[in-house]
Amino acid sequence: MTSQPEHHSTVARRAVLGTALGGAAAAALPGTASAEEPAPKAPSVVDAERARPWKLRSTMTTDDAWETFLRRQDLLWTRLPTRWYEGPFLGDGLLGSMIYQEPGASRIRFTVQHGRVQDHRPEFGSGWGTCRLPVGHLTLEPVGTITAVDWRLSLWNAELTGTVTTSAGTLTLSALIHDEVLAVRVRASGDERAVWTFHPEEAVSPRKIQEAPPEGYTPNPPWTTRTTPDGTEQVLQPLTGGQTATAYRRDGGELLLSVGHSAPSTTAAEADSLRTLRRAGSYSALRKRHTGWWHAFYQKSFVSFPDQRLQSFHWIQLYKVASASRAGGPVMATSGPWLEPTPWPAVWWNLNVQLEYWLIHGSNHLELDSLATTLRQNQEQLIANVPAAYRGDSSGVGRSSDMFANRSVGRPGTGAEVGDLTWALHNVWLSYRHSMDKSLLRDTVFPVLRRAVNYYLHFLTPGSDGRLHLPSTLSPEYPVVPPQDTNYDLALIRWGCRTLIESAELLGIDDESKPRWQEVLAKLTPYPVDSNGFMIGADTPYAQSHRHYSHLLMVYPLYLVNWDQPESRDLISKSIVHWHALTGAHRGYSYTGAASMYAMTGDGDTAISYLRKFFDPSTRYPCQANTHYTEAGPVIETPLSASQSLHDMFCQSWGGVIRVFPAVPTAWADVTLHDFRTQGAFLVSAVRRGGTTRFIRVRSLAGEPLKLRHGIGGRLTVLLDDGTPARTRDLGDGTLAIELPKGREVLVHSGSRPDLVIAPVTVSEPGPAWGLP
């Protein structure tokens with residue numbers, strides 16, 4: 001394997017070569033002009049016989065086709081999982097269950113956890129006072145000793161099915177979660193029978209595995225149980241300022257269970273859990289609604305590439321994020337809805353939240369964005385989080401919080417971590433850019449970002465150099481606090497001011513703060529840099545291994561310093577190389593972050609080499625058997641960000657340009673994308689065969705300007721969906737501006753018209769199924 005400096009040289013050579021080829025390809029398009037001399041808007045010249053209507057066809061239009069494809073991505077078990085990160089997992093964005101062996105017993109545990117169940121005592125902090133609280137678990141207790149299992153987690157149906165073989169017979173089971181109901185159906189044969197027991201768990205912070213509770217902390221009251229007249233069992237857990245209620249009933253071989261949580265009401269959860277259970281009906285009735293939702297979910301986009309193990313992983317992450325989050329629900333905590341003993345039983349805002357949501361954009365699943373709804377619904381709490389003197393115009397959030405973003409933020413000048421709300425708002429901005437939903441911009445991004453940036457502006461002060469400087473703040477998790485000008489915050493301030501100016505213009509707002517934002521952009525001190533690249537901050541080099549890439553935020557994901565700036569390429573390359581040269585603290589997302597950064601440079605081979613480190617069992621913190629991930633406890637963000645790294649290899653849309661197949665690894669000659677959503681609210685479909693892009697189709701959902709870096713060589717054909725030539729302009733660097741009205745589609749290809757078919761690609765790199773096959 002080549003050294004890191006050789007990687008850097010390879011990146012530069014490939015990028016320059018790619019630019020040269022792209023420019024030559026674009027120049028071959030007749031009727032266009034160079035970027036220096038814009039051409040008048042005129043139709044592209046195409047052969048007359050090509051100017052006829054066209055239509056994309058797909059082999060993925062039937063339920064049978066989808067079921068067949070997704071079945072090849074399913075997780076399988078022929079051994080009984082013994083830990084949470086080995087077993088099947090179910091969820092509906094609120095209720096979650098992981099299935100594995102009951103420790104020390106021949107039984108099967110179904111965990112029962114819920115994303116809204118938390119404590120409500122903020123005086124004890126997010127680790128204890130407003131943390132996620134455990135609910136309990138079910139055990140399936142066979143008569144005999146378990147000797148074998150044969151399980152399949154069907155992605156298509158979001159359902160666990162299979163058998164449990166024991167010394168007494170066989171149990172055939174199926175399980176799913178829908179509408180906050182866990183439904184399990186078991187059929188026994190031989191001398192076997194199914195016995196279910198629900199085990200309530202103490203309503204205390206999972207952080208107890210690491211430390212004693214804070215002074216003055218008192219345990220929540222004990223739970224009580226009761227049986228309703230219709231035979232439903234209930235466990236009632238009183239809380240200070242709330243209540244959790246678990247209701248379950250058995251009917252023959254079926255068990256249905258629901259969890260309710262209320263706050264500040266100390267009684268409402270009891271009725272809520274019973275009402276939810278009644279609404280569910282039976283397993284069959286619930287399953288019909290459940291599979292209908294999931295079948296529609298998957299068909300919103302499609303991706304296929306020839307590495308079976310990674311292709312399966314990617315589809316499992318879509319299943320996972322839809323199991324963990326739904327718009328309108330709580331923002332994902334570090335473990336999603338699958339709470340286990342952990343030092344992190346809360347929402348972490350300095351990296352975890354951001355990485356959790358990136359893949360929903362390209363995969364065309366904005367309906368999963370509970371982060372945007374959380375920030376919109378809790379604006380008053382975000383104001384209350386800053387010191388009282390700044391609440392008139394500022395907002396913020398501390399490093400970790402509950403689902404209501406309840407956590408105070410420190411002051412710049414004290415070494416506090418200040419920028420986490422601003423970074424989270426970048427995710428919401430991405431949701432706006434991928435949807436072009438003005439209400440999201442008006443009601444959430446602009447007002448909350450304005451206040452988040454205002455908090456910074458209170459502390460910027462001019463130095464003797466005439467530049468604006470920020471007093472000491474923390475680069476998340478780096479052990480040394482710079483005396484001033486932390487790069488994490490400088491990048492967020494720059495992005496925030498630029499975005500506020502752009503947003504005000506889009507909304508038609510003549511904001512009185514615009515001159516101040518412009519002044520900050522003109523006078524803010526440059527990023528501290530040394531011979532190794534970006535520093536942590538002023539007088540603070542990157543000198544200790546660091547799992548976060550907070551000091552590189554301007555490179556990724558903000559793209560303020562990017563590969564389209566030739567003058568920045570050396571700085572970007574040496575910064576990434578130096579970050580990874582110090583290895584002791586690296587974790588899974590250190591590798592996924594590097595993969596995405598190299599994808600930005602166009603170097604797919606180096607990108608995939610870093611991504612594969614996350615799947616290498618010889619690393620300290622690799623991806624686990626069921627695609628979950630753990631450090632000192634379960635954390636959900638890293639596998640989800642690995643899917644975003646794949647997205648970044650297949651399609652990027654930063655800087656107003658859509659880049660199709662910008663960093664596909666050399667080994668992946670064939671790739672199919674369909675309805676991949678990009679910034680500007682475009683849906684991109686593209687097919688790569690034999691290492692060559694055969695065609696690109698773009699559909700405009702909002703009528704935004706389209707700039708396409710297509711990567712197609714030769715004489716281009718650019719047709720609208722009625723067969724007429726599209727109006728185009730060559731922008732140089734292999735980028736084409738295309739006039740595409742809202743609701744219309746455009747096709748780009750070279751040579752004779754290819755087969756416009758969306759279909760799975762042939763696997764050239766086989767691999768075992770995930771799970772314990």
Side-chain angles (χ1 to χ4, degrees), residues 83-84 94-98 100 102-104 109-139 182 197-226 233-248 257-270 273 330-348 352 398-404 406-407 630-636:
R83 301 174 179 88
W84 64 266
L94 290 169
L95 186 63
S97 181
M98 285 189 159
Y100 52 93
E102 180 73 3
R109 172 182 289 200
F110 285 70
T111 68
V112 175
Q113 310 295 352
H114 197 288
R116 285 203 174 106
V117 175
Q118 68 163 70
D119 219 329
H120 300 277
R121 294 180 282 177
E123 64 271 21
F124 296 115
S126 60
W128 285 89
T130 57
C131 62
R132 289 274 309 281
L133 291 174
V135 177
H137 63 272
L138 285 162
T139 52
L182 168 62
T197 303
F198 180 70
H199 308 266
E201 294 172 7
E202 183 184 11
V204 64
S205 173
R207 198 175 176 91
K208 69 179 183 179
I209 66 167
Q210 176 176 288
E211 63 188 22
E215 185 178 354
Y217 177 91
T218 57
N220 283 303
W223 68 78
T224 60
T225 61
R226 75 182 193 109
E233 306 287 338
Q234 258 194 322
V235 177
L236 306 179
Q237 174 62 65
L239 304 169
T240 302
Q243 183 193 42
T244 301
T246 304
Y248 57 97
L257 179 148
S258 177
V259 176
H261 183 79
S262 60
S265 171
T266 57
T267 58
E270 180 177 344
S273 63
V331 62
M332 279 187 273
T334 55
S335 55
W338 301 290
L339 191 64
E340 294 279 338
T342 176
W344 305 306
V347 179
W348 250 255
N352 303 69
R399 173 179 293 187
S400 60
S401 79
D402 65 351
M403 63 181 177
F404 305 112
N406 184 350
R407 179 68 182 274
T630 181
E631 292 179 16
V635 274
I636 195 176

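On a predicted model such as this, the values are computed, not experimentally measured, just so you know. Reckoned from all heavy atoms, side chains included, excluding hydrogens, waters and symmetry mates.
- Note that CG of L95 is 11.0 Å distant from CH2 of W338, once rounded to the nearest 0.5 Å.
- For E270, the salt bridge (Lys or Arg N to Asp or Glu O under 4.0 Å) partners are R226, not counting sequence neighbours.
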- Task: Applying side-chain contact (heavy atoms from CB on, under 4.5 Å), run through T630 and W84 and close with a yes or a no.
- Result: CA-CA 10 Å; T630 181; W84 64 266; 3.6 Å; yes
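- A donor-acceptor pair is defined here as one N or O able to donate and one able to accept, closer than 3.5 Å; no such pair exists between the side chain of S126 and the backbone of A346.
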- Task: Verify side chain to side chain donor-acceptor pair (under 3.5 Å) between T244 and H261, making sure each step is shown before the conclusion.
- Result: CA-CA 4 Å; T244 301; H261 183 79; 2.9 Å; yes
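- For the atom pair OG1 (T342) and CD1 (I209), the distance works out to 6.0 Å, reported to the nearest 0.5 Å.
- Judged as a salt bridge (Lys or Arg N to Asp or Glu O under 4.0 Å), and not counting sequence neighbours, R116 has no contacts.
- The closest side-chain heavy-atom distance from Q113 to E201 is below 4.5 Å.
- E102 contributes atom CD, which lies 10.5 Å from atom CG of L138 (distance to the nearest 0.5 angstrom).
- N220 contributes atom CG, which lies 6.0 Å from atom CD of Q237 (distance to the nearest 0.5 angstrom).
- Side-chain atoms of R407 come within 3.5 Å of backbone N or O of S400 as a donor-acceptor pair.
- Between S205 atom OG and Q210 atom CD the span is 9.5 Å, to the nearest 0.5 Å.
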- Task: Apply side-chain contact (heavy atoms from CB on, under 4.5 Å) to L182 and Y248, showing your working.
- Result: CA-CA 9 Å; L182 168 62; Y248 57 97; over 6 Å; no
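- In this structure a side-chain-to-backbone donor-acceptor pair under 3.5 Å is present from T111 to M98.
- Between Q234 and S273 there is a side-chain heavy-atom pair separated by less than 4.5 Å.
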- Message: Between D119 and T130, is the side-chain contact (heavy atoms from CB on, under 4.5 Å) condition met? List the steps.
- Response: CA-CA 5 Å; D119 219 329; T130 57; 5.8 Å; no
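- Going from atom CD1 of I636 over to atom CG of N352 covers 10.5 Å, rounded to the nearest 0.5 Å.
- The aromatic rings of Y217 and W128 stand perpendicular to each other, their planes meeting at an angle above 60°, with 30° marking the opposite boundary.
- With a 4.5 Å cut-off on side-chain heavy atoms, P103 and R109 count as touching.
- Residues T225 and E233 form no side-chain contact, since every pair of their non-hydrogen atoms from C-beta on lies 4.5 Å or further apart.
- A heavy-atom distance below 4.5 Å is found between the side chains of L239 and L133.
- At a threshold of 4.5 Å between non-hydrogen side-chain atoms, the residues P206 and E340 do not count as touching.
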